[in-house]
Amino acid sequence: MSRKIIVAGNWKMNKNAAEGRALVEALKNGIAGLEAAEIVVCPPFTTIGSVVEAAEGSPIGVGAQNIHWEANGAFTGEISADMLKTSGVQYVIIGHSERRQYFGETDETVNKRLVAALAAGFTPIVCVGELLEEREGGKTEAVLAQQIRVGFAGISAEDAAKIVVAYEPVWAIGTGKTATPDMAQQAHAFIRGELRALFGNVADDMRIQYGGSMKASNARELVAQPDIDGGLIGGAALKADDFIALIREALAL
Ligand code: 13P
């Protein structure tokens, strides 16, 4: 079992084309010696083109923040696999809690997007995680189980091997409140158990990222946990120095 650490920056609704290009240029200069990590940036749609250009020839992968399941048609505001593919995208974030909270994303739509992303050959980054009231009500495991069982329905073990899961406790996102390494490890181990129930031993090769106020000062102890295989980073991915410092810590350098 060897799982390569994957650190992905989710830029959310930040960075226009010029700003995205500048950030990637700065990242390129800082990633020498960090090849042990798979490094990904996920800009907004209109910034993808300039970021792909800037990242060319570097090990930085580029991801999108959403994908629709239909090939084309009357779906205002959505984006298709082909549009992303021909823009040079390799990764796709699916089911981020902000999409679930503000834009009506459900486990069922997550599943449809996941099927489309796999069919198009992307590496999907599927987000799961509980709300504060769910954690306080002792429902964390039930919520994660539901998100995984429905979100991953009908996926083959062969395809599952390509999926990255991101555990993002919603109460830790953008709040400065990180899950403790123990708390995060417990959730990650539970998630891996659910994946094992669905996909057998393939679960041992699947990467599970932690997300939620991860930064350079806590990345090392989080990624040191046996079932934490990297991070999905919001705020600390928006400045090159912060992101590089975080990756170094995740690699325990
Ligand atoms: P923050 O790192 O800003 O808490 O965001 C985490 C996140 O939602 C990444 O997808």
Side-chain angles (χ1 to χ4, degrees), residues 5-15 19-20 23 27 37-45 47-48 51 60-67 89-103 105 109-110 113-114 117 122-132 134-135 140 143-144 147-148 151 163-181 183-184 187-188 191 207-223 225 228-250:
I5 285 177
I6 175 165
V7 182
N10 174 10
W11 293 1
K12 308 192 179 185
M13 198 172 73
N14 296 290
K15 306 285 178 191
E19 292 163 346
L23 178 48
L27 287 177
E38 193 168 320
I39 301 171
V40 182
V41 295
C42 303
F45 297 137
T47 301
I48 285 173
V51 161
I60 299 171
V62 182
Q65 299 174 18
N66 196 11
I67 180 174
V89 164
Q90 303 136 309
Y91 299 79
V92 181
I93 297 172
I94 296 173
H96 191 277
S97 65
E98 287 147 18
R99 304 275 338 149
R100 295 175 189 260
Q101 272 189 299
Y102 309 134
F103 303 104
E105 193 84 63
T109 55
V110 166
R113 295 184 202 277
L114 177 58
F122 294 112
T123 298
I125 299 177
V126 180
C127 304
V128 296
E130 80 287 358
L131 303 169
L132 182 60
E134 291 167 340
R135 174 160 286 268
T140 299
V143 168
L144 294 175
Q147 289 173 339
I148 291 166
I163 300 173
V164 176
V165 180
Y167 169 61
E168 298 206 313
V170 179
W171 47 271
I173 295 177
T175 57
K177 285 186 204 152
T178 323
T180 64
M183 209 187 259
H188 280 235
I191 289 167
R207 275 111 33 107
I208 308 177
Q209 298 173 308
Y210 171 80
S213 299
M214 197 194 257
K215 45 191 181 281
S217 59
N218 58 27
R220 184 179 294 234
E221 53 180 6
L222 284 162
V223 178
Q225 300 298 315
I228 302 186
D229 308 309
L232 183 57
I233 321 299
L238 296 177
K239 283 191 195 148
D241 289 351
D242 292 348
F243 196 50
I244 296 286
L246 186 156
I247 297 165
R248 299 190 72 83
E249 291 295 330

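Just so you know, ligand 1 is whichever comes first in the structure, and atom 1 is the first atom listed for that ligand.
Here is the list of ligand 1 atoms found below 4.0 Å of a heavy atom in Gly212: 4 (O), 6 (C). Of all the atoms in ligand 1, the ones that sit under 4.0 Å from a non-hydrogen atom of Glu168 are 6 (C), 7 (C), 8 (O), 9 (C), 10 (O). Of all the atoms in ligand 1, the ones that sit under 4.0 Å from a non-hydrogen atom of Leu232 are 9 (C), 10 (O). Numbered from 1 in the order shown, with element, the atoms of ligand 1 that lie under 4.0 Å from a heavy atom of Gly235 read 1 (P), 2 (O), 3 (O). Applying the 4.0 Å criterion to heavy atoms of Ala172 picks out, from ligand 1, the atoms 4 (O).
Proximity of Asn66 to Phe45: side-chain heavy atoms (C-beta onward) are separated by under 4.5 Å at one or more points. With a 4.5 Å cut-off on side-chain heavy atoms, Gln225 and His188 do not count as touching. A heavy-atom distance below 4.5 Å is found between the side chains of Tyr91 and Ile6. With contacts defined as side-chain heavy-atom distances shorter than 4.5 Å, the pair Met214/Val7 does not qualify.
Without hydrogens or angle criteria, Gln65 side chain to Cys42 main chain gives a donor-acceptor distance under 3.5 Å. No donor-acceptor distance shorter than 3.5 angstrom exists from the side chain of Lys215 to the backbone of Asp242, with no hydrogens or angles considered. Not a single donor-acceptor pair under 3.5 Å links the side chain of Thr47 to the backbone N or O of Gly20.
Shortest contact from atom 2 (O) of ligand 1 to any protein heavy atom: Gly234 N, 2.9 Å.
Using a 4.0 Å cutoff on heavy atoms, Lys12 counts as a contact of ligand 1. Residue contacts with ligand 1 do not include Ala236, since none of its heavy atoms lies under 4.0 Å from the ligand.
The shortest N/O to N/O separation between Glu98 and ligand 1 does not fall below 3.5 Å. Between Gly174 and ligand 1, at least one pair of N/O atoms sits closer than 3.5 Å.
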